[in-house]
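Scroll down for the structure; my scribbles are underneath it.
Order of listing sets the numbers, starting from 1, for every ligand and every atom in it.
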Amino acid sequence: MTFAVTSGADARQQYYQKIDKKNLTPLWEVLHGLVPPSPRPVVTSAIWHYAEIRDELMEAGRLITAKEAERRVLILGNPGARGQSCITNSLYAGLQLILPGEVAPAHRHSQSALRLVLEGEGAYTAVDGERTTMRHGDFIITPSNTWHDHGNTGDQPVVWLDGLDIPLVRFFDAGFAEKSEADSQEEARPEGDALARYGHNMVPIDFAQHSSDPTKVFVYPFTQTREALLGIARMPADPHLGHALRYVNPATGASPMPTIGAFARYLPQGFETLPYRSSDSTIFTCLEGEGVAEVGDSTFPFGENDVFVIPSWQAYRLQAKRNTILFHFSDRPVQQVLGLWREQKMA
Ligand code: GTQ
């Protein structure tokens with residue numbers, strides 16, 4: 001026996017209005033949006049040219065102190081998700097300025113953060129009682145719930161890129177934060193201690209770590225990254241990626257922090273990647289050189305310290321006009337552990 005559907009569009013609309021009062025909605029009106037054949041990111045591709053925003057950042061330095069602001073940061077807000085303080089659906093990025101003599105007071109939060117130093121020397125980040133001096137291109141992390149403060153003991157403004165998993169933690173409603181009573185942490189270990197203990201392909205003799213724990217190494221000096229990239233460049237590059245490396249927790253091989261993956265690439269002058277896409281929306285920064293990113297209908301020429309974002313599953317190509325080093329970060333380790341991550345290397 002079959003049941004004939006007799007009612008038309010009006011009857012359906014009346015029905016939808018009626019059930020809405022009981023917080024019910026029909027799946028069949030939204031199914032294809034909920035379960036799309038491939039990702040339909042809300043965020044768009046975009047670029048921030050450092051030379052065009054540096055003046056605004058320095059102006060913020062005349063309007064508010066780092067201490068008053070707690071963190072003097074201009075958020076890089078994705079134009080497709082205005083007002084949501086995110087650069088991708090899952091990640092946040094901003095440019096942080098700290099002027100000579102200033103401190104950004106100690107606090108901790110469940111959100112994980114990375115820093116990539118763009119301009120200036122003489123600042124430090126302290127993580128759980130150990131300071132590290134910040135130099136151009138250094139990749140520094142403050143894993144979930146670690147105490148951290150920043151200071152500038154030099155004579156130049158220092159700027160770095162902040163990358164945090166703020167939207168991801170917001171999605172889970174799992175955000176906790178607290179301020180320290182002291183602005184700056186007491187030094188518990190001398191600078192370089194963590195790198196010496198954990199960062200030389202060795203770990204303390206009785207040390208064991210779970211694969212999802214963050215790394216004890218909290219600075220990845222650019223001198224080492226650069227040396228590694230140039231070292232592998234004596235062999236042929238991957239046609240889709242160039243010379244590409246991934247930052248790891250050296251004790252486990254996993255991502256330095258469980259929620260944010262970080263990567264570095266070297267593209268020799270004249271190198272052009274073949275089109276590539278992956279399901280992790282990705283934030284790129286150019287540390288050295290210059291080039292062009294082609295994504296969809298957009299062409300983004302980029303130079304040193306420029307930041308650009310490629311949404312999930314949008315094919316892109318990179319061309320290097322000079323020898324170019326790129327840093328990038330994304331939520332890839334989260335997608336991988338959930339079995340969601342995909343990539344496609346295209347012809
Ligand atoms: O340095 O702790 O850009 O808590 C945003 C939130 C930086 C930080 C940001 C933060 C921080």
Side-chain angles (χ1 to χ4, degrees), residues 48 50 53-54 56-61 63-78 81 83-99 102-120 122-135 138-153 157-185 214 218-220 256-257 259-260 262 283 285 305 307 309 327 329-331:
W48 290 262
Y50 191 68
I53 53 178
R54 186 182 183 280
E56 274 78 11
L57 193 56
M58 295 302 150
E59 196 177 337
L63 290 173
I64 191 164
T65 63
K67 189 168 158 64
E68 191 194 346
E70 199 169 334
R71 294 293 184 266
R72 189 203 287 116
V73 178
L74 293 184
I75 298 170
L76 306 182
N78 190 289
Q84 293 179 46
S85 303
C86 65
I87 190 160
T88 69
N89 248 12
S90 59
L91 296 174
Y92 155 105
L95 293 181
Q96 183 158 176
L97 168 68
I98 187 156
L99 293 170
E102 288 192 317
V103 294
H107 68 193
R108 65 174 178 172
H109 36 70
S110 45
Q111 293 81 358
S112 300
L114 67 80
R115 333 277 170 196
L116 191 77
V117 186
L118 300 182
E119 178 185 327
Y124 64 84
T125 289
V127 182
D128 276 349
E130 185 179 332
R131 284 187 181 184
T132 193
T133 304
M134 304 175 90
R135 299 186 182 87
D138 287 355
F139 165 53
I140 296 162
I141 62 168
T142 54
S144 180
N145 290 318
T146 53
W147 289 104
H148 54 282
D149 57 272
H150 318 290
N152 185 344
T153 54
V158 174
V159 178
W160 62 81
L161 176 72
D162 278 328
L164 286 92
D165 56 9
I166 289 172
L168 195 63
V169 173
R170 184 167 58 197
F171 175 80
F172 289 121
D173 278 333
F176 296 89
E178 62 189 300
K179 289 185 194 182
S180 174
E181 284 177 5
D183 281 349
S184 303
Q185 298 176 64
F218 64 95
V219 57
Y220 297 74
M257 299 185 288
T259 51
I260 313 178
I283 301 100
T285 312
N305 291 348
V307 179
V309 55
F327 171 89
F329 68 100
S330 73
D331 62 17

**OP:** Name the closest protein heavy atom to atom 7 (C) of ligand 1, giving the residue it belongs to and the distance to 0.1 Å.
**Re:**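 Of the protein heavy atoms, D162 OD2, 3.2 Å lies nearest.
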Subject >> Closest protein heavy atom (residue, atom, distance) for atom 5 (C) of ligand 1 >> reply: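 For atom 5 (C) of ligand 1, the nearest protein heavy atom is Y92 OH, 3.4 Å.
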**OP:** Report the part of L164 (side chain from C-beta onward, or backbone N, CA, C, O) that has a heavy atom under 4.0 Å from ligand 1; answer both or neither where that applies.
**Re:**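 Within the 4.0 Å criterion, L164 contacts ligand 1 through side-chain atoms alone.
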Subject >> Proximity to ligand 1 by part of Q111, non-hydrogen separation under 4.0 Å >> reply: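 Neither part.
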**OP:** For a side-chain contact (heavy atoms from CB on, under 4.5 Å) with F139, tell me which candidate from L116, L161, V219, V117 qualifies.
**Re:**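 It is L116, the one option of L116, L161, V219, V117 that forms the side-chain contact (heavy atoms from CB on, under 4.5 Å) with F139.
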**OP:** Indicate yes or no: at least one non-hydrogen side-chain atom of W48 is less than 4.5 angstrom from one of V309.
**Re:**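 W48 reaches V309 side chain to side chain.
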Quick one: which ligand 1 atoms are inside 4.0 Å of a heavy atom on [X]?
X: Q96; value: 1 (O), 7 (C)
X: H148; value: 2 (O), 8 (C)
X: V73; value: 3 (O)
X: H107; value: 2 (O), 4 (O), 8 (C)

[Y] and [X] side chains, donor-acceptor separation under 3.5 Å:
X: H107; Y: E70; answer: yes
X: R108; Y: S144; answer: no
X: D162; Y: W160; answer: yes

Original post:
Any donor-acceptor pair under 3.5 Å linking the side chain of T259 with the backbone of D165?
Top reply: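 Looks like no, no N/O pair under 3.5 Å.
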Subject >> Reported CD1-to-OG distance for the pair I141 and S112, which is rounded to 0.5 angstrom >> reply: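 Reported to 0.5 Å precision, the distance equals 8.0 Å.
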Subject >> The one among H109, R115, R71 that brings a heavy atom closest to atom 4 (O) of ligand 1 >> reply: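 Looking at heavy atoms only, the winner is H109.
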